[in-house]
Amino acid sequence: MPELPEVATYQKVFERHAVGKPIREVVVNDAKILRNLTAEQFVEQLTGRTFIGTYRRGKFLFGELDNHAYLQLHFGMTGDLVPYQDPADAPRFERFRLHFTDGSVLGFDDSRKFSHIVWVDDLPAYLLSRKLGPDALEISEDTFLQLLAGRKGQLKALLLDQHALAGVGNLYADEICFQARLHPASRLDGLSDEHKRLIFQLMQEILSSAVERLAYYREYPENWFWQWRQLGRPGPEGIGVVQRATIAGRTTYFVEGWQVLV
DNA sequence: TGTGATGTTGAATG
DNA sequence: GCATTCAACATCAC
């Protein structure tokens, strides 16, 4: 689930269900996803503190604490935030949970344990050291064009490269390529300026629409590709059959012919 | 029962 | 340094 629109939605959940509420108790069920602190340290650092805000860059969400340290939440492939009150509603793969003084609970669910929870003392320094690119919804068209200049790799590889551009994942990369009618293996050095501007524009449109709809796929526009994104399906309006290939190291779906290889 | 999965990293190769 | 490929991480769902 968690690409930029999903994480932007988790940010809203976090703002609503965690920010401003003193933490009464912290329970760790599985410390595997805690990257730079032990379960004991995690509990000790958070108990009694209050989150006062959030920051998001790409797929990385940070909760700011009242001592101005940050807690990084990266959701991996299957991470999720689940607010609840009744213990019976705890998510199945809850790795830790925060109890607030008002009695509410926020659980962190993650079946595959690819999430990364990191304690961050100095956020700007941390972001620099991680070499995270600009957020895909914040980047300007000019900066985006500069990013592409001089690059020779594949279009999809760029979209997925979090050091170049933070936020686009496998699903939305395929969506952008489909709507731009460009084959995901197209070479960046073969793209015209018009192509590049089109990619930028579609990226903004797709991501912001998805954010507006809270990453709730069933409310996405009918002509979006995700619902055809399956091997062998007839694409929309008979444009061709959906194919599957490994591109930029990831399973990629596209419609040959409809999406031009540049 | 095997296969694939919305992510990231680090190593190896060219 | 750049581009690319691959394995690893850990587990679930179909």
Side-chain angles (χ1 to χ4, degrees), chain A residues 1-11 29-36 56-61 72-82 91-96 108-118 126-127 129-133 135-137 147-178 184-191 203 206-207 209-211 213-220 224-233 242-254:
Chain A
M1 286 168 75
E3 298 183 37
L4 189 152
E6 285 81 5
V7 178
T9 304
Y10 297 156
Q11 180 177 25
N29 299 315
D30 188 335
K32 202 120 214 169
I33 62 173
L34 308 179
R35 296 295 149 158
N36 64 345
R56 184 190 60 75
R57 179 115 139 229
K59 305 170 194 173
F60 290 76
L61 178 61
Q72 174 197 291
L73 305 175
H74 187 286
F75 298 87
M77 296 274 262
T78 50
D80 196 5
L81 287 178
V82 182
R92 187 166 161 205
F93 304 104
E94 184 183 75
R95 303 304 170 190
F96 70 85
F108 191 99
D109 188 59
D110 182 19
S111 63
R112 286 179 69 184
K113 302 187 197 177
F114 283 1
S115 292
H116 284 53
I117 309 299
V118 178
Y126 178 77
L127 290 172
S129 74
R130 283 201 80 326
K131 299 191 172 124
L132 210 50
D135 185 85
L137 271 182
L147 202 63
L148 269 60
R151 282 191 173 247
K152 294 181 174 180
Q154 297 175 323
L155 170 58
K156 180 159 179 178
L158 170 94
L159 293 172
L160 291 178
D161 183 354
Q162 304 300 302
H163 300 300
L165 188 71
V168 177
N170 202 25
L171 234 56
Y172 289 94
D174 281 2
E175 186 71 49
I176 293 166
C177 290
F178 177 84
S186 293
R187 296 268 145 189
L188 294 174
D189 51 351
L191 295 177
M203 181 173 78
I206 290 166
L207 293 178
S209 307
V211 171
R213 291 165 173 81
L214 304 178
Y216 191 54
Y217 280 52
R218 271 174 285 181
E219 290 184 7
Y220 288 1
W224 280 22
F225 182 56
W226 72 273
Q227 51 189 322
W228 282 281
R229 195 177 173 277
Q230 217 179 95
L231 181 62
R233 288 198 74 167
V242 176
Q243 287 149 79
R244 182 172 73 191
T246 299
I247 295 171
R250 304 296 301 278
T251 302
T252 301
Y253 296 84
F254 60 99

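In the text below, chain A, chain B and the rest are named by the order of the sequence lines, each starting its count at 1.
Contact check for A:F96 versus A:I33: side-chain heavy atoms found under the 4.5 Å cut-off. Between A:L4 and A:D135 the shortest side-chain heavy-atom distance falls below 4.5 Å. A:F254 is not listed as a side-chain neighbour of A:C177, based on a closest heavy-atom distance of 4.5 Å or more.
By the 30° and 60° cut-offs, the orientation of the rings of A:F178 relative to A:F225 is parallel.
Residue-level contact check: A:F75 touches neither bases nor backbone, having no heavy atom under 4.0 Å from any strand. Within 4.0 Å of A:G153, counting heavy atoms only, lie sugar-phosphate atoms of the nucleic acid but no base atom.
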Check residues 147-154 of chain A and write down every donor-acceptor pair under 3.5 Å in which the side-chain atom is one partner and the other belongs to a residue at least two apart or another chain.
from   : atom 1 : to     : atom 2 : distance (Å)
A:R151 : NE     : A:L147 : O      : 3.4

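The backbone N or O of A:T251 sits less than 3.5 Å from a side-chain atom of A:N170, completing a donor-acceptor pair. Of the possible polar contacts, one joining the A:R57 side chain to the A:G133 backbone as a donor-acceptor pair under 3.5 Å is found. Under the 3.5 Å distance criterion, the side-chain polar atoms of A:E3 are matched with a main-chain donor or acceptor of A:G169.
Between A:K152 and A:K32, the residue anchored closer to the 5' end of DNA chain C is A:K152, taking for each the nucleotide with the nearest heavy atom.
Shown here for A:P91 and A:D109, the closest heavy-atom pair between the two residues is CB-OD1, 3.3 Å. Considering all non-hydrogen atoms of both residues, A:G79 and A:P2 come closest at O-CG, 4.0 Å.
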- [ ] Show your reasoning for whether side chain to side chain contact (heavy atoms under 4.5 Å, CB included) applies to A:R130 and A:F60.
- [x] CA-CA 11 Å; A:R130 283 201 80 326; A:F60 290 76; 3.4 Å; yes

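Counting to the nearest Å, the C1' atom of B:dT8 and the CG atom of A:L159 are 17 Å from each other. Rounded to whole Å, the distance from OH on A:Y10 to P on B:dT6 is 14 Å. Across the protein-nucleic acid pair, A:Q230 atom CD and B:dT6 atom P stand 13 Å apart, rounded to whole Å. When the C1' atom of B:dT6 is taken as reference, atom CD1 of A:I176 falls 13 Å away, rounded to whole Å. Across the protein-nucleic acid pair, A:L4 atom CG and B:dT6 atom C1' stand 12 Å apart, rounded to whole Å.
Residue ring and nucleobase are stacked for A:F114 and B:dG7, with a centre distance beneath 5.5 angstrom and an angle between planes beneath 30°.
Mapping heavy-atom proximity under 4.0 Å, the span of DNA chain C touched by chain A runs 5' to 3' from C:dA3 to C:dA13.
Applying the ring-ring contact (aromatic ring centres under 6.0 Å, His included) test between A:W224 and each of A:W228, A:W226, A:Y220 identifies A:Y220 as the sole match. Just one of A:L158, A:L159, A:L137 meets the side chain to side chain contact (heavy atoms under 4.5 Å, CB included) condition when paired with A:V168; it is A:L159.
Rounded to the nearest Å, the gap between the P atom of C:dA10 and that of B:dT1 is 24 Å.
Not a single ring pair (Phe, Tyr, Trp, His ring centres under 6.0 Å) links A:H116 to another residue, sequence neighbours left out.
For DNA chain B, if you chain together Watson-Crick or G-U pairs that step i with j, i+1 with j-1 and so on, the runs of at least three with distances under 3.5 Å are B:2-5 with C:11-14, B:7-14 with C:2-9.
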- [ ] For nucleotides 9-14 of chain B, just jot down a letter per nucleotide in 5' to 3' order: B, S or -, based on protein non-hydrogen atoms under 4.0 Å.
- [x] S-----

Pairs under 3.5 angstrom, nitrogen or oxygen only, protein versus nucleotides 3-5 of chain B, please.
from  : atom 1 : to     : atom 2 : distance (Å)
B:dA5 : OP1    : A:Y253 : OH     : 3.0
B:dA5 : OP2    : A:T251 : OG1    : 2.7
B:dA5 : N3     : A:R112 : NH1    : 3.2

